[in-house]
Amino acid sequence: MSHNPQSSDGKHDDDSTLSDFLASLMDYTPTIPDELVEQYLAKSGFQCPDVRLIRLVAVATQKFVAEVASDALQHCKARQDAVVKDKRDKQQRDKRLILTMDDLSKSLREYGVNVKHQEYFADSPSTGIDPASREE
Amino acid sequence: MKDGGLENKKELENSKKQSKSSKFRSKNDDFSLAIAKVAVAQVCESVGFQSFQDSALETLSDVTARYIYTLGKSATLSANLTGRLESNVFDVIQGLEELESGLGFADASDVNRCLANSGVIRDIVHFVGDAADVPFAYDVPRFPVVKEREGMGSFWEKGEEPHGEHLPSWLPAFPDPESCATQSTVGNGTMSGSNGVKTGLVGVERKIERPLLNCQKQFARNGNLRDSSCGAGDSAKAREASNSNPYLAAPLQFREKEVDVSPVVLPTKLSNEVVLRDSVPENHSGEDQVSVLETFAPAIEAMKSGLCEYDGSRQKNVLYNQRPTVHFKIGIGKKSLNTAPYFVSKNKDIHKIAYWFENSNEKDDRKRRAEIFSEESMECSHEPGQL
């Protein structure tokens, strides 16, 4: 018996948290514009008159992009730090942080998106093998 | 600092034209993709990047667009599963959980959790609290722009009364017969022609005669085109036939043979389906070799008679009333009875014979198939390298 009022209060809290959050979303302007999100949602068949849900999707997408970008940034910084360790040249650290395909593919790999590029293209299967080991 | 996205925009647009178009990305997506690139560049800049590789930016913006699309799709799916057309917040949360399930979120293993209390939402709340509020760089207009189409002009709009009770007033009004007569397209001609036949208004009949003539000319033209494409008969005969319109010529009477008719090679299906109603004794004569022309002459007559019906007046179909029905078998080459798909037979004996032939033909088919397989296996044995 004592559990029930607690659980019901808990539910109310959850609902209120969610509704408060959704209300607060209207104050926060996500970087991804609403029109873009609406375009792609409409393409997928998503129908909702509520603007707060559009904002929720926009914020969730922004969070996703930010996470991928931060992972790529960590990869980029790690590579730069490794280079500096070898050469011990502090000036290299001031180089601009560039989002490269290499870092992006590594960070997207963890999210299940495979954008790995071929490392090289060979003319035939035996290209690059020692001539001694090549079958003649 | 924002130039990471701006400077390269034109170059990006040019490279986009050369990029592969997949099903997700159509030609009309250029604008939304460009906006996505700017938005993604702004987000990455807020994270700490200072410049971007073109390909990396394009890839990330494409992934972002697919993320939104996938989220919408899963939300729609969960809404439809519960019998709703419009998604609500719980559908969106379920979609988010599906996408985040790869990396995991708090309470993912909790079976009895409430969706409102989901870990995904808590993560987003934290993110919103921490992230700086960076609005989008441009004012985005509402897109896609929906063009307003001109209405077809219903009966009600035009103020006309529809021609019958069966025509509701919200349907588009009929086009003017006069404007139809001047047009030479077949579609309009046939439309007004069929209108004339259906409605049968006296006052409109005269106006409709002209489009009917156009319609007949169209049929004649098409018919002549077919003749010439078949390549049968001399060119001289074809010219004669085109000068004197074969579809407007009088139908052949009993025992009349018209040699000038350009032989039209009809497909077996068409000629078999037509139940010929004139008894032409040439076909039943004891001749073993029936010429193609004689064979198809009744079919041509029947087609002519069929077309003459469109002429709203005068000619009654004499053919239908007077002649007894004749069942006419057309066999081309030495095909078995089994293979003729539209074989019409009212004779039970012939049915039995056909059935017997079917059985024998089945055995032949099996033999043939066995031969084909053995041939293929012989071919395969010659190519050891391939599987």
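Chain letters run A, B, ... following the sequence lines, proteins first, then strands; residues in each count from 1.
Taking SG from A:Cys48 and CZ from B:Arg84, the interatomic distance works out to 10.0 Å, rounded to the nearest 0.5 Å. The CD atom of B:Glu100 sits 7.0 Å away from the OH atom of A:Tyr111 when rounded to the nearest 0.5 Å. Between atom CD of residue A:Gln39 and atom CG of residue B:Asp29 there is a gap of 6.5 Å, rounded to the nearest 0.5 Å. Taking CZ from B:Phe52 and CD1 from A:Ile98, the interatomic distance works out to 10.5 Å, rounded to the nearest 0.5 Å.
Only the side chain of A:Val115 has a heavy atom closer than 4.5 Å to any heavy atom of chain B. Heavy atoms of B:Phe127 lying under 4.5 Å from chain A belong exclusively to its side chain. In this structure, the portions of B:Leu60 lying under 4.5 Å from any heavy atom of chain A include both its backbone and its side chain. Contact of B:Asn80 with chain A is not made at all, since no heavy-atom distance falls under 4.5 Å. Only the side chain of B:Val92 comes within contact range of chain A, judged by heavy atoms closer than 4.5 Å. Interface residue B:Ile93: only side-chain heavy atoms are found under 4.5 Å from chain A. Within the 4.5 angstrom heavy-atom criterion, atoms from both the backbone and the side chain of B:Leu85 approach chain A.
Scanning for side-chain contact (heavy atoms from CB on, under 4.5 Å) contacts around B:Asp130 gives an empty result, with sequence neighbours left out. A:Arg79 pairs by the side-chain contact (heavy atoms from CB on, under 4.5 Å) definition with A:Thr100, A:Asp102, A:Asp103, A:Lys106, not counting sequence neighbours.
Counting non-hydrogen atoms of other residues, nucleotides and ligands closer than 6.0 Å to CZ of A:Arg109 gives a total of 12 or fewer.
Between B:Asp123 and A:Lys63, the closest side-chain pair of non-hydrogen atoms falls below 4.5 Å. Inter-residue side-chain proximity for A:Met101 and B:Glu58 is flagged as unmet; no heavy-atom pair is nearer than 4.5 Å.
A distance below 6.0 Å separates the ring centres of B:Tyr67 and A:Phe64.
Between the A:Gln47 side chain and the B:Glu86 main chain, no donor and acceptor come within less than 3.5 Å of each other. Here the side chain of A:Thr31 pairs a donor or acceptor atom with the backbone of B:Val134 at under 3.5 angstrom.
Shown are B:Val128, B:Val43, B:Ile124, B:Thr64; of these, the side chain to side chain contact (heavy atoms under 4.5 Å, CB included) with A:Gln62 is made only by B:Val43.
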